[in-house]
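Let me begin by presenting the structure, written as structure tokens, before commenting on it.
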Amino acid sequence: MKKKNLVIFTGAGISEESGLKTFRDSGGLWENYRIEDVATPEAWERNPALVTEFYNMRRKQIMEALPNRAHEVCVELENYFNVQIITQNIDDLHERAGSKNVLHLHGEIMYARSSGDENLLYKLNHWEIKIGDKCEKGYQLRPHVVWFGEMVPMMEPAILKASHADLFVVVGSSLQVYPAASLIHYVPEEAEKWLVDPGNFNLSHIQKLRHIRKKASEGMEILKSELIQKHL
Ligand code: NAD
């Protein structure tokens, strides 16, 4: 029997149990920083040192973190389904857990990018980008992440994947950051949809959605057994 297409769309919440803070929850990152100071093109123009430092701290923390049970369940589901991960996260925990197909909508913190040529990417194996670190064309390196107000170039391939989903799961996302959050609207109407997130949202406008109101690791175990029971 042909494996069904399972698209798993993950947000900051899936990495919370790995010790990485989400942005919007209380105790989240934005309480200590203002978005406009660290995560916009204008912030980079104004104060590249502060922006670089903010992302250096994130990178250091991410390098010290480990994938959790929720990331592992995403890998185990590959035994039963054609799994495509679409993540809003800039961390590399899905890759380190072993997921094969991972699409990053908002970039990858373990890459540096030329600030003068977006095609020049450099894999990092250390946590620090320094002011003065340049690409081969002489431009300052910046983190390879999508800032607020920038285009989301991976949106189109993500929409294509979402539009071919038989099953669509959202894990740990408040579905508030656009255009990423609009992805669910491209999922076929007949596809079953799931949300694994402890948050209290009103998502009654989305048809065929089951909300597992649990943290990611526990919620993904429940999801895995329900999916296997129902679809195999
Ligand atoms: P968000 O901060 O808006 O929402 C986080 C969601 O996670 C909330 O709905 C919350 O209820 C849920 N959550 C909290 N703890 C959870 C847990 N243990 N298990 C499951 N769910 C949990 O984050 P967002 O919607 O992902 O969007 C914010 C943007 O910030 C994204 O673009 C993302 O790239 C970026 N971000 C990335 C990282 C990372 O790479 N690890 C961390 C923070 C923010």
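Counting starts at 1 for both ligands and their atoms, following the listed order.
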Original post:
For ligand 1, which part of Glu16 has a heavy atom less than 4.0 Å away: the side chain, the backbone, both, or neither?
Top reply: side chain

Subject >> Taking atom 40 (O) of ligand 1 as the reference point, the nearest protein heavy atom with its distance >> reply: Ile90 N, 2.9 Å

Subject >> Donor-acceptor pair, side chain of Asp92 and main chain of Glu108, under 3.5 angstrom >> reply: no

Original post:
Is there a nitrogen or oxygen of Val196 sitting under 3.5 Å from a nitrogen or oxygen of ligand 1?
Top reply: no

Original post:
Polar-atom distance check: Lys214 versus ligand 1, any N or O pair below 3.5 Å?
Top reply: no

Original post:
Which protein heavy atom lies closest to atom 41 (N) of ligand 1, and at what distance to 0.1 Å?
Top reply: Asp91 OD2, 2.7 Å

Original post:
Are the side chain of Arg213 and the backbone N or O of Gly199 linked by a donor-acceptor pair below 3.5 Å?
Top reply: yes

Original post:
Can you find an N or O of Ser173 that's nearer than 3.5 Å to an N or O of ligand 1?
Top reply: yes

Original post:
Between Ser174 and ligand 1, is there a nitrogen or oxygen pair with a distance under 3.5 Å?
Top reply: yes

**OP:** For atom 34 (O) of ligand 1, grab the closest protein heavy atom and report residue, atom and distance to one decimal in Å.
**Re:** Gln88 O, 2.0 Å

Subject >> More than 12 heavy atoms from other groups under 6.0 Å of CD on Glu128 >> reply: yes

Subject >> Protein residue, atom and distance nearest to atom 13 (N) of ligand 1, heavy-atom basis >> reply: Gly13 CA, 3.6 Å

Subject >> Closest approach of any protein heavy atom to atom 38 (C) of ligand 1, naming residue and atom >> reply: Asn89 OD1, 3.9 Å

Subject >> NZ (Lys214) with more than 12 external heavy atoms under 6.0 Å >> reply: no

**OP:** Verify, without hydrogens or angle tests, whether Asn89 (side chain) and Gly11 (backbone) share a donor-acceptor contact under 3.5 angstrom.
**Re:** yes

Subject >> Nearest-neighbour protein heavy atom for atom 36 (N) of ligand 1, which is reported as residue plus atom name and distance >> reply: Phe23 CE1, 3.6 Å

Original post:
What distance do Asp91 atom CG and His104 atom NE2 have between them, rounded to the nearest 0.5 Å?
Top reply: 7.5 Å

**OP:** Could you tell me whether Arg58 sits above the aromatic face of Phe54, with NZ or CZ closer than 6.0 angstrom to the six-membered ring centre and within 45 degrees of the axis?
**Re:** yes

Original post:
When only distance counts, is Ala12 in polar contact with ligand 1, meaning an N/O pair under 3.5 Å?
Top reply: yes

Subject >> Residue, atom name and distance, where the atom is the protein heavy atom closest to atom 11 (O) of ligand 1 >> reply: Asp197 OD1, 2.6 Å

Original post:
Does His144 offer a backbone N or O that forms a donor-acceptor pair with the side chain of Arg113 under 3.5 Å?
Top reply: no

Original post:
For Glu78, does its backbone N or O pair with a side-chain atom of Lys3 as donor and acceptor, under 3.5 Å?
Top reply: yes

Original post:
For ligand 1, does His106 get within less than 4.0 Å through its side chain, its backbone, both, or neither, judged by non-hydrogen atoms?
Top reply: side chain

Original post:
If you measure every N/O of Gly11 against every N/O of ligand 1, is any gap under 3.5 Å?
Top reply: no

Original post:
When only distance counts, is Ala216 in polar contact with ligand 1, meaning an N/O pair under 3.5 Å?
Top reply: yes

Subject >> Heavy-atom nearest neighbour in the protein, as seen from atom 42 (C) of ligand 1, with distance rounded to 0.1 Å >> reply: Lys21 O, 3.4 Å

Original post:
Between atom CZ of Arg210 and atom NZ of Lys208, what is the distance when rounded to the nearest 0.5 Å?
Top reply: 15.0 Å

Original post:
Distance-only, no hydrogens or angles: does the Asn5 side chain make a donor-acceptor pair with backbone N or O of Asn82 under 3.5 Å?
Top reply: no

